[in-house]
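Read the structure below first, then the notes.
Lettering of chains follows the sequences in order, A, B, ..., and the numbering in each one begins at 1.
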Amino acid sequence: MEKFTEITAIAVPLDRVNVDTDAIIPKQFLKSIQRSGFGPNLFDEWRYLDHGEPGMDNSTRQINPDFVLNQARYANAKILLARDNFGCGSSREHAPWALEDFGIRVIIAPSFADIFYNNCFKNGLLPIVLPEAQVNDLFDFIEANEGGQLTVDLQEQKIHYNKTSELSFELDQFRRHCLLEGLDEIGLTLEHSDDIKAYEEKQKAITPWLF
Amino acid sequence: MAKTLYDKLWDSHVVRENDDGTSLLYIDRQLIHEVTSPQAFEGLRLADRQPWKLSANLATPDHNVPTANREQGIIDPVSKLQVDTLDENCDLFGITEFKMGDIRQGIVHVISPEQGATLPAMTLVCGDSHTSTHGAFGALAFGIGTSEVEHVLATQCLIQKKSKNMRIDVNGKLNSGVTAKDVILAIIGKIGTAGGTGYAIEFAGDAIRSLSMEGRMTLSNMAIEAGARAGMIAVDQTTIDFVKGRAYAPTEAQWLSAVDYWRDFKSDDGAYFDKIISLDASDIQPQVTWGTSPEMTISIDALIPDPEQENDAVKKEGMQAALDYMGLKAGQAINEIPVDVVFIGSCTNSRIEDIRAAAHIAKGKQVAGNIKQALVVPGSGLIKAQAEKEGLDKILLAAGFQWREPGCSMCLAMNADRLEPQERCASTSNRNFEGRQGQGGRTHLVSPAMAAAAAIAGHFTRIDAR
Ligand code: SF4
């Protein structure tokens, strides 16, 4: 997994509460055999005016010009600013896969659905919980300042914007460590490779038929 | 300290204990099929990782394979893509796979024991909840999700929390016509589908020990329907005799030390269980489920229960909803209910013993006129070949059954085999959830003998009274 230290990017404001995983990536895309390539179908029903199906050429589809992700000023956004209970609904890991594939690395919201929040860390995404008033401030800043960027500093657990404004956020230290080091769960287990090898050596003597 | 079978399996596989109460558990064997593996393989590729131990993995396509006209290949494009992807991934990474044309192909939970790839005292996982099947060998076997499939591929380990110990004793002699399937349905009827939640279940008692390995696998298979991720049975001579000589079993040189090691995989006298449940074998009658949950089960001679008699409001509502979905009424005799379709197969009941039981009932008889379709789907190519060697296919075909190629088939209707809305099926599979065998389909879980008897009679019927 890519290491996460500091990101400076445009944030795209998604001004809705209870955005569920089916909105993030509609269920017809779950038949896919891949975990990458979901980006073009992120928020499919909101982004396009026609109905999306797997295998369609998305570049020829009818774009919904009103949807915020389609607005030129938010192109290349790496930060998603959201409202309460983001990521509710099913436990599908396709939701963080789609966000990540689209290029999002940070999601800021007043609250997240639990499983989605956990799944983010497994996939190198940083979900940040901030008090509602601060989230409102960020919405205001983004909407008023075209091209205005946010800097998310994971090391310091700070968000900088508007030159002088600064916000702090809380995060489980273990998860912070994993993101900083680019460790997913597999990466973490592999940090214990020596233990695994030692176990195998021991077992070879006891149950040689398994090796 | 006296240990349970589960304690021994757990302790012998702990690589390290983490501070948060979880352990890193070593996995000896991983089974792989086409539905839950593609993203795991892609994850490996994206992170540029290789499988930790290639030889620990064994793959086969089963959920999406057609059970008829295989020479035409797979027609449904989504199914085909999943199977093709499995083939490509296994070829790319060098994982042993029994592909569709291979006689060893079949349902993962059938082929692994058949090959001796499931062994006593091992840990075994698969991205499939019915992995509990392999616990029949005195192994710790449980289903996992796709992220965990990738985790096992890359590290040969899983991060796990230990479950509590539960023992279910079935003592006494089983009545005639009562099979392992009836025993497990009776157990689930007693403890409920959440009865085993949080526990690893050991099935014990002389009625369990009297079962063949096929029967024990049927039992462990449905531990998950009782809410437990893992079900297991102690190693004994029956286990050892079954394993001997199989392709992946220990060779001559290692056999004796393996047997010696395996024999210890039983619970010690005085080992502590958090919960013990006992059933008297003589109380168990042939079972038929009447509702949309495996715990909604009754004896073949019983009447469909009345929701009005249920005091718990939530349960009452659930019962009524199940009756409505199933098109049944309280007080109906279950043995008078006509059946439209019969399915003999699935990882619960598609082994040679199951097919023998069905053929035994069908011999010299005819499938009733009201039966639209009676399918027999062996669990593997080798079982199919064995059955054909014994002439069982001829008996079944002569009676009007269809004889198919191995796979999951109508157990979950991912391939072309499925129920039409409102069709009623006597099925030897493990789940009677709404729509499981096809949208609107009505599933009654039964043993293979009961399924065959229902095909002949056209309705559920007591087997030994015929
Ligand atoms: S036979 Fe049914 S329960 Fe068993 S693995 Fe296949 S789909 Fe799952």
How many angstroms lie between [atom1] in [X] and [atom2] in [Y], if you round to the nearest 0.5 Å?
X         : Y         : atom1 : atom2 : result
Leu188(A) : Thr155(B) : CG    : OG1   : 11.0 Å
Asp195(A) : Glu17(B)  : CG    : CD    : 11.5 Å
Ile33(A)  : Asn89(B)  : CD1   : CG    : 7.5 Å
Gln39(B)  : Glu93(A)  : CD    : CD    : 9.5 Å
Leu158(B) : Glu185(A) : CG    : CD    : 10.0 Å
Cys157(B) : Leu190(A) : SG    : CG    : 9.0 Å

> Is there a donor-acceptor pair under 3.5 Å between the side chain of Gln34(A) and the backbone N or O of Glu42(B)?
Replying inline: no

[atom1]/[X]: more than 12 non-hydrogen atoms of other groups inside 6.0 Å:
X         : atom1 : value
Glu53(A)  : CD    : yes
Lys244(B) : NZ    : no
Phe433(B) : CZ    : yes
Lys80(B)  : NZ    : no
Lys3(B)   : NZ    : yes
Asp172(A) : CG    : yes

>> Run the side chain to side chain contact (heavy atoms under 4.5 Å, CB included) test on Val15(B) and His192(A) for me, step by step, so that the C-alpha distance in whole Å, both residues' side-chain angles and the decisive distance to 0.1 Å come before the verdict.
In response: CA-CA 9 Å; Val15(B) 172; His192(A) 303 300; 6.0 Å; no

> Given His13(B) and Tyr199(A), is the side chain to side chain contact (heavy atoms under 4.5 Å, CB included) satisfied, shown in steps?
Replying inline: CA-CA 8 Å; His13(B) 288 87; Tyr199(A) 173 87; 3.4 Å; yes

> Is a salt bridge present between Lys122(A) and Glu150(B), judged by a nitrogen-to-oxygen distance below 4.0 Å?
Replying inline: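 Glu150(B) and Lys122(A): not salt-bridged.
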
>> For a quick test of reading the model, state the closest non-hydrogen atom pair linking Ile196(A) to Leu24(B) and the distance between them.
In response: CG1-CD2, 4.3 Å

Under 4.5 Å, counting heavy-atom pairs only, tell me which of [options] racks up the most with chain A.
options                                  : result
Asn18(B), Leu81(B), Thr251(B), Ile159(B) : Leu81(B)
Ala154(B), Ala56(B), Ser12(B)            : Ser12(B)
Gln156(B), Gln82(B), Glu34(B), Gln254(B) : Gln254(B)

> Heavy-atom distance under 4.5 Å to chain B: side chain of Glu2(A), backbone, both or neither?
Replying inline: neither

> Which of residues 202-211 of chain A have a heavy atom under 4.5 Å from any heavy atom of chain B?
Replying inline: Gln203(A), Ile206(A), Thr207(A), Pro208(A), Trp209(A), Leu210(A), Phe211(A)

Heavy-atom proximity to chain A below 4.5 Å, by part of [X]:
X        : value
Arg49(B) : side chain
Trp52(B) : side chain
Val14(B) : backbone
Ala47(B) : neither
Thr85(B) : side chain
Ser37(B) : neither

>> Strictly less than 4.5 Å between heavy atoms, which residues of residues 133-149 of chain B line up against chain A? Please order them by number.
In response: Ser147(B)

